[in-house]
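Step one of this worksheet: look at the structure below.
Quick note: numbers below take in every heavy atom, side chains included, and nothing from hydrogens, waters or symmetry partners. Lettering follows sequence order; numbering is per chain, from 1.
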Amino acid sequence: MLAYVLRKLAYGGLTVLGVLLLIFVIFFAMARPDDVARRALGEKAQGAQIEKWKAKHGYDKPLWPTLAKPGGSLLQAHYVSLLSFEFGNSDLNDSPIGTTIRDGMGASLALTIPMFLSGLVLGLVLALFVAFFRETYIDTMGVFLCVLGMSVSILIYIIGSQFVFAKMLRWFPISGFDTDVIADGNWNLLLRFLALPVTVGVLSSFGGDTRFYRTVFVEEVNRDYVRTARAKGAGEMRVMLRHVLRNAMIPILTRVVVAIPFLFTGSLLLEAFFGIPGLGSITVDAIAGNDFSVLRVMVYIFALLFILAQIATDISYTLVDPRVRLE
Amino acid sequence: MSEFLLEVQDLVTSFPGSGSERARVVDGVSFNIRPGEVMALVGESGCGKSVSALSLLRLVPKPGAIESGSVLLDGKDILSLSVPDMRKVRGHEMSMIFQEPMTSLNPVVRVGDQVVEAIRLHEDVSVKAARSRTLELFKQVRIPDPEVRLDAYPHHLSGGLKQRIMIAMALATRPKLIIADEPTTALDVTIQAQILSLLRQLQQELDTAVLLITHDLGVVNELADRISVMYAGRIVEQGDRREVLANPGHPYTRGLLRSMPGLGRPGEPLAEISGMVPAPADWPRGCRFCTRCSEVLDICESEVPARRRLSLTHHVACHAVEATE
Amino acid sequence: MESWMVSNLVVAVLLVGGAWIAVAVSRHDIWRAAVQQVWKRRPGAVLVVCVYVLLALLDSVAWRGNVDTGSDVVAQHEAVTLLERLFGDAQEKSYSAPLADIEFYDHSPLKHPGSHLFGTDILGGDVFLMTLKGARVALLIGGLTSLIAIPLALLFGIPAGYFGKRIDDVVFFIMSTLASIPTLLLLISITVALGRSTLVVCFALAVTSWVGFCRIARGETMKLREMDYVHAARLMGASETTIILRHILPNLMHLVVITFVLMFSGLVLSEAVLAWLGIGVNGSWGLMIAKAKDELSRDPAVWWNVGGAGVGLFGLLLAVNFLGDAVRDALDPRTRKES
Ligand SMILES: Nc1ncnc2c1ncn2[C@@H]1O[C@H](COP(=O)(O)OP(=O)(O)OP(=O)(O)O)[C@@H](O)[C@H]1O
Ligand SMILES: [Mg+2]
């Protein structure tokens, strides 16, 4: 078991190195430091100005290491800074990136944890319900609604719900959030701020998730062991919960565990639209301001979380599925 | 009360066909089983044996459905039982062993627990008591190292062992009738013989009635008391084992026997029946065997043959046969 | 060459290619049966998709004509598409509500009263026309992206599956690296780094979406490699290239079609999100929706812009999503029927 975990971790580490290279290619080789400087300073910036900007933000080194001079390249600096979690300061306003990210985490989690949990429970329950009534009109309707939900852009969900529930009906504030709310424990206010974004978030991913869970359940329901369970005299409820759910957990787990990193990253659009100052908002600001230094770190952190989640999935497989061999 | 444990009358089970009509995959099947008797249901692949068996337990997969007929178990009308009452019958009074031991066990539950579940679904006993009963069952079906196997997962076990577990599960609450749907088809030849002799021993020890489904007449010869030959959804011949094997009335039965090496009559060539069972949508209107029959008459294509008695215990549905009564 | 000429050329190529594919499909029983099955199961979805394709084609054929301004006949500044010509002049000064006779804010009479089904936008453009024109952009995004992503996936997936060993290790590593970066972020990073243009957006979408198909192609190739007829071909002395081109690639085509249809709606939805972040494609529904955020907070609200784009997007995606299931069931014998 330990060897298995170690091997998974080692491969994860290798993937991190690959991700870093990819980030470097995107942010340094595709968009060269000169372009970055020009975007920050404006198109008319002079050569000297650009050099000064590059020196200030540490872009004034050669891109790739050469045989003659292996140290001191941007590539090396990039690996060192991200691997040691020394993210430095933002190119845009010199604020320390590490602190910004730590501050944004709380707000993101406040939005995404309720969203994740309620979405998961609701999706599983509905999928079980629909699978229970498979091949009846309830099932057909359920699938139809799921596809309907999948065909609507999240932008429409957000804009529409803000318009209807916040502007016309005035049930909730259109947007806004106060990080102090979490510290103060003012749950009532927190709930009012979060109700709409959480609902929209659940709604937007609901169709796809439920349909996926349903497909998994229906696939399991048709398997031979389910017939055996029925032939033993097990009731439908027992068949569903004890036999089908347990087997279906294996494919479902992949989808769910891999979604966990997004708890930290928040939802880009939801945070931006509803004015929640989490990591998603930070990312959107970075895009708007062409702040590559922040964007880079965000990509890195998300990839890191994603890789960890993947390792967690592999390990949890061994717990759920006795057939997985640790080779 | 009648002498029969199970009475099946005119059972019809259908699946949606290609058009609006439903294909009657089981079309008017009737047979009886006495307590402690082994009835063999014989026929080629695709002629509706499994669907018949599943109909008895009311486990026909959707969109299939039982259309008409009656099934009496100990005088109890199975087809009109409520769903909870039907659940009490399944696995308790009538249990089933499936064709595919590989996939018929839940892959993520320990096999011991699966048998324990079968017991506790019908009897109010503690887990511990059910577990020791399971251990006994494992010994009874001759599983080596039964204590260890209790905690094994299905993928740890060979096909033969899995089928033994299935048998243990079917025996768990001492049902009066066990339906064994081709219990050895998926196994190696040597394992097949072991499982069959196990089944025969257990059947005699426990005096359980068995509906044995197979397309192997060798198995029938060893185990069965009576035989029902099924072709394309209908029973074409039925009778005591000796009568049917020694004096087959239906051309289909003769064809089956001839393609059996050990059982064919001396001097006759080994000839299989040409072709295969057609799909239910293509079943002919009259005698369903007429497309493959070597002794086909004009009437065969248009009219369904009635049952003709050859003796008190032996009857055939074939136009070419004269009743002896 | 100007862009409208390229566009016309593309239409010609597409028409010829479409006809060729139609002939090829009707020659193969499996494909013909699949097409018939899809048509039988989801005729509505097929029709809707056809309407969208037709709109896109109409909006792609363009030429520069002359306009009669009353006193004089002058050459048009820009090429006008067939769809726009069919629509005729529909320009107003500013916002007007659907089918209104007067402008929305200053109530002055419209030039074409009662003729704007979805109203007009801030510049007086007809929203219905813009909605129809969005079809071309959406199909362009889906088509162009697939054109990059699918060959890329085959290029990596087939050798990885066929040759295994080192090649497989490398491809697998590339795939797991790419898959580790959340799609949206990778998408944003590439578009931001490369600058914002249609081609860049499609390239970025392709980079983020080819991995999934590559995995499928690799797995399927591994299976095909062990098939008897491949072994037979190898024994007969066929070269690896021949085997791949003659025996592996054709047997992946059904997966290509399934992937294309299933991928499509995700691509169009992603573009909408990018559009809102300011890195979308000109004229897309996503951009129309993104612009509408402020319009909805005006008082009284201007809702028909987002409405039109939303309906256009929803209709296409709904049809494609339903089509996707039918196509998969028709072409992939392994997936059981799961409506
Ligand atoms: N789930 C189903 N849906 C549609 N048709 C079915 C289904 N199950 C069985 N059938 C049809 O019923 C017919 C009889 O099938 P059945 O499984 O009973 O055959 P069998 O005699 O048990 O054959 P085998 O020896 O292969 O087990 C088949 O022709 C098949 O087409
Ligand atoms: Mg069968």
Using only atom types and a distance under 3.5 Å, with no angle test, would you say the side chain of A/His243 pairs donor to acceptor with the backbone of B/Val109?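 Answer holds: no.
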
Using atom types as modelled and distance alone, determine if a side-chain donor or acceptor of A/Lys232 lies under 3.5 Å from a backbone N or O of B/Gln114.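 Yes; at least one donor-acceptor contact below 3.5 Å.
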
Beyond-backbone contact of A/Arg242 with B/Glu117, side-chain heavy atoms, under 4.5 angstrom: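 Side chain of A/Arg242 against side chain of B/Glu117, heavy atoms only: contact under 4.5 Å found.
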
Do B/Arg87 and A/Arg230 make a side-chain contact, defined as non-hydrogen atoms from C-beta onward lying under 4.5 Å apart? no

Can you tell me which portion of [X] sits under 4.5 Å from chain A's heavy atoms? Options are side chain, backbone, both or neither.
X	result
B/Met169	side chain
B/Ile97	neither
B/Met166	side chain
B/Leu121	side chain
B/His122	side chain
B/Pro107	both

Quick one: what part of A/Val226 sits under 4.5 Å from any heavy atom of chain B, side chain, backbone, both or neither?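 Neither part.
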
Can you tell me which residue among A/Thr228, A/Asp224, A/Asn247 is in a side-chain hydrogen bond (donor to acceptor under 3.5 Å, both in side chains) with B/Asn106?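 Per the side-chain hydrogen bond (donor to acceptor under 3.5 Å, both in side chains) rule, the option paired with B/Asn106 is A/Asn247, out of A/Thr228, A/Asp224, A/Asn247.
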
Does A/Val320 form a side chain to side chain contact (heavy atoms under 4.5 Å, CB included) with B/Val108? I'd like the steps, not just the answer. CA-CA 8 Å; A/Val320 182; B/Val108 303; 5.9 Å; no

